[in-house]
Amino acid sequence: MSDHVDFGGAEFKGPVIGKAEYRQQAPAPTATNALPSRTAGFTGRDEELARLRDALNPGAGPATPQAVLVAAVSGLGGVGKTALAVEAAYAARAEGWFPGGVLVVDLHGYDDAPVTADQALQSLLRALGVEPRHIPVLADERAGLYRSLLAERDALLILADNASSPDQVRPLLPGGDRHRLLVTSRDRLSQLGARLVPLEQLTPEAAYTLLDRALRIADPGDRRIPDEAEAAARLAGLCGHLPLALQIAAALLAEDPERTVAELADELSTSYDRLAVLDDGDRSVRATFDLSYRRLPGRQARLLRLLALAPGPEVSEEVAAVLVDARTPPLRDLSALARAHLVHRGSGRGLWRMHDLVRAFAVGVVDAEAELREEGEAARLRVMGFYKGSAYAADSRLRWMPGNPEPERFTHTAEALEWLDRERPGLVAAVLWGADDSYAESAIVLASCLAEYCDWRRHFDDKITATRAGQEAAHRIGDRHAEAGLWNNLGVALQLSERVEEAIEAHIRAREVFRSVGDRLAEAMAWNNLGLCERQAGRVEEAIEAHTRAYRLFQDVGAASYEATAWNHLGVALAQADRLEEAIEAHIRARDLSQTVGYRRYEGGAWHNLGAALWQQGQTAAAIEAYEEARKIHEDYEDWYRLGQTLVALALAHLDAQEHAEARDCLHRSADALTRGGAPAQAAEARARADALTALETPTGTPAPGVPPGRTAGSGPLGPRPPGAPGSAGR
């Protein structure tokens, strides 16, 4: 470079000042170690971190024709995707796997103006030391230069954070097989053929640890989490075990050392807007979710809002169709929301769920606009109407007897039970809507329709919850008859939950109301159920009196099917009073009446109790025959709990007859049936009896310990209540 300026043949008219600028040519700076700091309190991701380390490890497997793309550090906003990716990058760098360094680019995929692939390439080229004036204008040329530079370098890790689409990611793929590209996204990005590592919320244990670590980082002496362990677990649950919400909660506690964990948990649990609390001024759960929501197409956004209004923790595809007022389930939109991690597959086929905080966010969106509130109310009305009609049809199928018109929707009992099993949590939650007067009448019907099903499946807690809610609705709107019917239902559930004195009170209240309104059939049902409770309380004579009143009332009103159940229960009470001949006669009448009206399910109960009375009398062979008839009927109806009890009784009868192989077989089958019938403790007992019989049986046929030889074990009541009895008053 010369130290003078040549102005050539220029002509100057006065003084001239020459100004020169000197430039020193030097390499442009690089940014190949640009990892952000680790997240404070990172915990609970051991399995996912191990999967990422395996994917990043160049020695973990044979070289592939292209770089390994770990694109599925994917999950709901705030679930900790970036924290996991950064932790994995630090671990890989510590292992020396990427001597060329780490490049980082934030794609801002969910902002209003996401970074394009061209812009991302420009940023990466600068980080690799390319001067801006040397960066090509055309996208293809930029990508070519990017791959060429990487080909000359040692192994690099490229971390692309917050991608929202495959188009943002594809141009960033390096050539060769030395380098790795690690991408985080709220969408699954499965179109890229990537190694997928989806993230869910933390476990309760990991969430508790995160809270404790975050507070101890702020103050090593802060012991609020271990000192308030129960409140901390509740706080973690209210945060949905979501790392972002937990970090915000920890920050709120850290900035106010006098605040207890219980106080913050109480604020979250009682706040009308939980997401408003989960905001520390710098981070906000609502703002994070809003970024995902605003990117949704209109139809998907509507589906998300309406799913949040559905009753119960999960939504079936059938109910999703009702919510959006469609003839078929919105499967494509559900799948799209799942790829965005805004909904997830539920506990069974055709079921979907959403994170609690996502539900709170979507409900907040609905509440914020009058038009959306109207849309939501219309959807809720559709769901309640659908549930009421379908539950009525399913209940009618469970109660159907030959000779009556067949229910149209469900052609088989198993089909009705399958639908009720799937929808049960939503149905119970929908009954709770009855607190709003606009849903009260529907809630009463729905509560009544669930009664028989809950007895079949032994969901007594659900029955109590639904019945109490239906009762309150009936009382509020002044429907005394419906309220009495639900008192009857409640009494049955309380009795089966072994809350006998409460059950007796409920049935007495039901009986008195039915008597006052002149409903003799319903009064008889209440008498019959009262008798069951009196016997369970040990008051056998009172039970005999109640069942006698019941069968006489049923005779007076010509209700033969109900009369059969009263005779059946009377027979059990008589057997308990050691009046065996009368008991056997009562069970035979119950059996014959059930056969006459064609209700085989109740016939099965009569056969079982007849077998118990015969066995108690010492007629073992006749008892086995009766139990076998009961077994066949319970199997036909898939009434697993009663089948399990009958098989236990049959096993004990076989044991009396020295038929030990048959007894063992019955006990094993009983364990399976009781498991399916929702009685795991009784199933374990049956299995233990079978094992004990196998291990300790003597050559002379002495029963093994744990298998009582007496004739009383199988004499308990198995006969179900009258068809329609618990729910008839509410329909």
Side-chain angles (χ1 to χ4, degrees), residues 395-404 406-407 410-418 420 452-453 455-458 496 560-572 575 583-584 586-615 619 621-654 662 665-679 682 686 714-725:
D395 184 49
S396 298
R397 171 52 66 183
L398 297 187
R399 299 173 187 274
W400 178 77
M401 290 188 296
N404 294 333
E406 287 212 33
F410 300 102
T411 56
H412 302 286
T413 300
E415 185 182 357
L417 287 171
E418 181 182 4
L420 288 162
E452 180 80 358
Y453 162 72
D455 290 346
W456 276 63
R457 292 300 200 225
R458 301 184 63 77
L496 293 171
S561 60
Y562 298 110
E563 182 189 346
T565 63
W567 279 110
N568 196 20
H569 295 146
L570 175 60
V572 175
I584 290 170
H587 290 313
I588 290 173
R589 292 193 69 167
R591 179 200 64 191
D592 293 347
L593 276 170
S594 297
Q595 289 175 343
T596 299
V597 298
Y599 206 159
R600 278 179 52 77
R601 182 177 174 231
Y602 289 176
E603 182 189 341
W607 274 115
H608 175 101
N609 290 328
L610 176 59
L614 290 167
W615 185 32
Q619 299 185 52
I624 289 173
E625 291 181 7
Y627 284 141
E628 280 291 347
E629 292 296 328
R631 177 192 62 78
K632 295 173 187 175
I633 293 171
H634 294 325
E635 281 182 347
D636 287 346
Y637 277 88
E638 297 184 6
D639 196 340
W640 306 119
Y641 179 75
R642 291 185 175 88
L643 173 61
Q645 285 201 323
T646 293
L647 285 166
V648 168
L650 189 55
L652 297 175
H654 279 304
E662 290 85 349
D665 178 64
C666 286
L667 287 169
H668 283 301
R669 290 159 62 197
S670 171
D672 293 339
L674 288 167
T675 298
R676 298 182 71 177
Q682 294 181 48
S715 62
L718 282 216
R721 280 157 301 288

Original post:
Atom CD of E415 and atom CG of L420: how far apart are they, to the nearest 0.5 Å?
Top reply: 11.0 Å

**OP:** Not counting sequence neighbours, which residues clear salt bridge (Lys or Arg N to Asp or Glu O under 4.0 Å) with D592? List them please.
**Re:** none

Original post:
Under 3.5 Å, side chain of T646 to main-chain N/O of L643, donor-acceptor pair present?
Top reply: no

Original post:
Does the side chain of Q645 pick up a donor-acceptor pair with the side chain of Y641 at under 3.5 Å?
Top reply: yes

Subject >> R601 to I633 - nearest heavy-atom pair and separation >> reply: CA-CG2, 4.0 Å

Original post:
When the ring planes of Y627 and W615 are compared, do they come out parallel, tilted or perpendicular, using 30° and 60° as the limits?
Top reply: perpendicular

Subject >> Point-to-point distance, once rounded to the nearest 0.5 Å, from CD1 of I624 to CG of L652 >> reply: 10.5 Å

Subject >> Contact check, side chains of V572 and H587, non-hydrogen atoms, under 4.5 Å >> reply: yes

Original post:
Does any non-hydrogen side-chain atom of L647 lie less than 4.5 Å from one of L667?
Top reply: no

Subject >> Sidechain-backbone polar pair: T675 side chain, A671 backbone, donor-acceptor under 3.5 Å >> reply: yes

Original post:
Between atom CG of D672 and atom CH2 of W640, what is the distance when rounded to the nearest 0.5 Å?
Top reply: 10.0 Å

**OP:** Heavy atoms only: give me the nearest D639-W456 pair and the separation to one decimal.
**Re:** OD1-O, 4.4 Å

Original post:
Where is the tightest heavy-atom contact between A564 and S594, given as atom of each residue plus distance?
Top reply: CB-OG, 3.5 Å

Original post:
Does the distance from a Lys or Arg side-chain N to an Asp or Glu carboxylate O, for R631 and E635, drop under 4.0 Å?
Top reply: yes

**OP:** Evaluate the side-chain proximity of P407 to W400: yes if any heavy-atom separation is below 4.5 Å, no if none is.
**Re:** yes

Original post:
For R589, which residues count as a side-chain hydrogen bond (donor to acceptor under 3.5 Å, both in side chains) partner, sequence neighbours excluded?
Top reply: none

Original post:
What closest approach, in Å, do A575 and A583 show between heavy atoms, and which atom pair accounts for it?
Top reply: N-CB, 3.6 Å

Original post:
If you round to the nearest 0.5 Å, how far is CG of L674 from CZ of R642?
Top reply: 12.0 Å

Subject >> Exercise: identify the closest heavy-atom pair between A649 and H608 >> reply: CB-CE1, 3.9 Å

Original post:
Quick one: NE2 on H634 to CD on E629, what's the gap to the nearest 0.5 Å?
Top reply: 11.5 Å

Original post:
Between the main-chain N or O of F410 and the side-chain N or O of R397, is there a donor-acceptor pair closer than 3.5 Å?
Top reply: yes

Original post:
Counting distance only, does the side-chain N/O of H569 pair as donor-acceptor with the main-chain N or O of T565 below 3.5 Å?
Top reply: yes

**OP:** Flag yes if more than 12 heavy atoms outside Q595 fall under 6.0 Å of its CD atom; otherwise flag no.
**Re:** yes

Subject >> Inter-residue atom distance I584.CD1 - Q619.CD, 0.5 Å rounding >> reply: 5.5 Å

**OP:** Can you see which heavy atom on L417 is nearest to which on Y637, and at what distance?
**Re:** CD1-O, 4.5 Å

